[in-house]
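The structure under discussion appears below in the form of structure tokens.
Just so you know, these numbers use all the heavy atoms, side chains as well, and skip hydrogens, waters and symmetry mates. All residue numbers in this chain count up from 1 along the given sequence.
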Amino acid sequence: MNDRKHPDPSFEIPDLELAPPPVSKRPAKVSARVNNPAALTPDAASFGLEISLPDLDDDDGDLFQKGSNVELSIGASPQATKRHLENWPSGHTRSVDELPIDPAEVTLAAGYGEAPKNAVLTPLYAYRVLARRAPLKRLIALHQTELVQAELLRDTQLMQLSTELRPAIEANEAFRRLLGPIGDIERQAGDRSNALSEANAGYREQTARFDADLAQLRDDETKARAISDEKSALANGTQNLLRRAEAKQQRVQIEIRGVMDLARQALGPAGGDMPSAQAAQLADLQARSTALEPELAQAKATHAAASKAHDEADADVRRLVGQIRQVERQKASASSALEKQLSVRAASVSEAEKQRRDALADVARAVLAARGAVAVPEALLMALREHEKSVDALAIRLETHARALDSYERERVKQGVILVLSACAILLLSILLKAML
């Protein structure tokens, strides 16, 4: 990867950034690493507080100067103090310019291979570059996520340091004023947390009311269905009685028609009076039909009443089902609105907690920048050193892959793409010419 030339603006390769390589895609962060355990000056004291601890006036310089003269621990020997200040963590992520990026690792991460000298081999090189860029972008996104998580763990450790050392910080004139904004942030976080708790309690209360209404309606529905089933059974029973009564009447009517047919056959076409045998039989059948009419009428009335009762019970079931669906829709609508409110409030609580964490982390960075103005337990320093090692390793890996993404020979890739496109154009043209001849 030797001399790089700017690409022709009239030609652009898809998915390739042809800007001058390799520029880091991560925003540079201001580093606050202090390399020498010198006395804290006003400039050094303000270093590391420029993000989340504003409202510091010129008098803070004198406070930090006083704080820098505080001994690391009472009765500590100079040798112990020197050892304690060695490898002192800063709590900051180094900027990309400070990261030790190995060019050999960049080449290995890229996996593009060496750019060919022969133009004939440039299509293969262009293919390797285009095939590797998508996986590299996925790796960069993964490493970015891992770095953010590692920085979050480090900032949480810094917040823990500020929390544990808060009495000592408040007792130290050099740092007491730094805790002023923290109180406002904590009050805001508390207010938002209380508002979230109240909203959550209101949500549960309203949901409980809907559930109680639904439970009552479902109980009523169960009872109504039992009544409807009972009425249905009664209606079915009266219908069977009605059918038997109708069947009796129909059989009598059939027998009457049979007697009438026999009489007509006996009289012949001339007609005349019905023979006495058929007349007596007909009179008996008509008497039977008349006797069955009250039974049939009673069966019809009974069945009509039972059917009406069943219809009313069934209508009551349908009414309760409609009410249940309406309450369920109201519950779903109210729950959706309340859940959105809870989501907004939860987000505000998370933001307040993040502000508190960042502010306390900045206080911890100020304590670390003072290099012994406030005694820091060795266990916390060791934990912070481990977090910084993890953050540095992830930052280096991320930056290595970010530079690897653009570490290809642009002119060779461009040349390879042009050769492939030219070959395709020539092949297509030859096919068209053969088709026309």
Side-chain angles (χ1 to χ4, degrees), residues 25-30 48-56 91-93 137-138 140-164 166 169 177-218 322-366 387 390-391 394-395 398:
K25 298 184 181 298
R26 285 202 303 126
K29 296 186 178 181
V30 177
L49 303 178
E50 55 193 7
I51 298 177
S52 301
L53 295 175
D55 303 329
L56 298 180
H92 288 277
T93 303
K137 288 181 178 179
R138 289 193 293 269
I140 289 172
L142 176 62
H143 297 334
Q144 179 68 44
T145 301
E146 292 174 346
L147 177 60
V148 170
Q149 292 297 324
E151 290 175 332
L152 177 60
L153 293 176
R154 179 203 59 199
D155 291 350
T156 302
Q157 185 66 47
L158 289 170
M159 181 184 70
Q160 181 181 353
L161 185 148
S162 294
T163 302
E164 294 188 13
R166 191 159 185 168
I169 295 173
R177 294 181 59 185
L178 301 180
L179 296 175
I182 306 296
D184 296 335
I185 294 175
E186 288 176 339
R187 282 189 294 273
Q188 184 183 49
D191 293 341
R192 291 182 179 181
S193 180
N194 292 334
L196 176 61
S197 298
E198 293 176 0
N200 193 24
Y203 171 74
R204 290 197 300 268
E205 181 180 354
Q206 186 166 358
T207 301
R209 286 199 300 268
F210 280 118
D211 291 339
D213 292 342
L214 286 172
Q216 183 62 46
L217 288 171
R218 290 192 176 105
Q323 290 181 356
I324 290 173
R325 291 176 179 173
Q326 182 180 3
V327 173
E328 287 177 341
R329 286 193 297 267
Q330 292 174 353
K331 178 184 176 182
S333 177
S335 298
S336 178
L338 289 173
E339 285 174 359
K340 289 180 181 178
Q341 294 180 12
L342 289 176
S343 178
V344 172
R345 292 188 182 277
S348 68
V349 171
S350 298
E351 179 62 25
E353 290 295 334
K354 180 181 181 300
Q355 292 176 3
R356 176 176 177 273
R357 183 186 67 242
D358 293 344
L360 287 172
D362 285 339
V363 171
R365 292 186 181 98
H387 282 298
S390 176
V391 170
L394 291 171
L398 172 61

Test salt bridge (Lys or Arg N to Asp or Glu O under 4.0 Å) on Glu353 and Arg357; report intermediate values, then the result. CA-CA 6 Å; Glu353 290 295 334; Arg357 183 186 67 242; over 6 Å; no
Shortest non-hydrogen pair, Ala395 vs Leu147, comes out as N-CD1, 3.9 Å
Short question: side chain of Ser197, backbone of Ser193 - any donor-acceptor pair under 3.5 Å? yes
Shortest non-hydrogen separation from Leu360 to Ser162 and the atoms involved: O-OG, 2.5 Å
Identify the two heavy atoms, one from Ala364 and one from Leu161, that lie closest to each other, and give their separation to 0.1 Å. CB-CD2, 3.8 Å
Taking C-beta and beyond as the side chain, do Arg365 and Asp155 meet within less than 4.5 Å on heavy atoms? yes
Taking all heavy atoms of Leu394 and all of Ala150, pick out the closest pair and write down the distance. CD1-CB, 3.4 Å
Between Arg345 and Ala195, what is the shortest heavy-atom contact and its length? NH1-CB, 3.5 Å
Ser335 versus Tyr203: any side-chain heavy-atom pair under 4.5 Å? yes
Which residue pairs satisfy the salt bridge (charged side-chain N to carboxylate O under 4.0 Å, His left out) criterion with at least one member in residues 330-343, sequence neighbours excluded? Asp211-Lys331
Is Asp358 paired with Lys354 through a side-chain N to carboxylate O contact shorter than 4.0 Å? yes
Checking His143 now: which residues fulfil ring pair (Phe, Tyr, Trp, His ring centres under 6.0 Å) with it, not counting sequence neighbours? His401
Is it the case that atom CZ in Arg325 sees more than 12 heavy atoms from other parts of the structure closer than 6.0 Å? no
Side chain to side chain, Asn200 and Leu342, heavy atoms closer than 4.5 Å: yes
If only atom types and distance count, is the side chain of Thr156 paired as donor or acceptor with the main-chain N or O of Leu152 below 3.5 Å? yes
Are Gln341 and Val344 side-chain neighbours, meaning at least one heavy-atom pair lies under 4.5 Å? no
Rounded to the nearest 0.5 Å, what's the gap from CG on Asp213 to CD1 on Ile324? Could you check? 11.0 Å
4.5 Å side-chain heavy-atom contact, Arg192 and Glu351: yes
Enter the distance from Gln216:CD to Leu214:CG here, rounded to the nearest 0.5 Å. 11.0 Å
Should Met159 and Arg356 count as side-chain neighbours, where that means a heavy-atom distance under 4.5 Å? yes
Between Thr93 and Arg154, is any side-chain donor less than 3.5 angstrom from a side-chain acceptor? yes
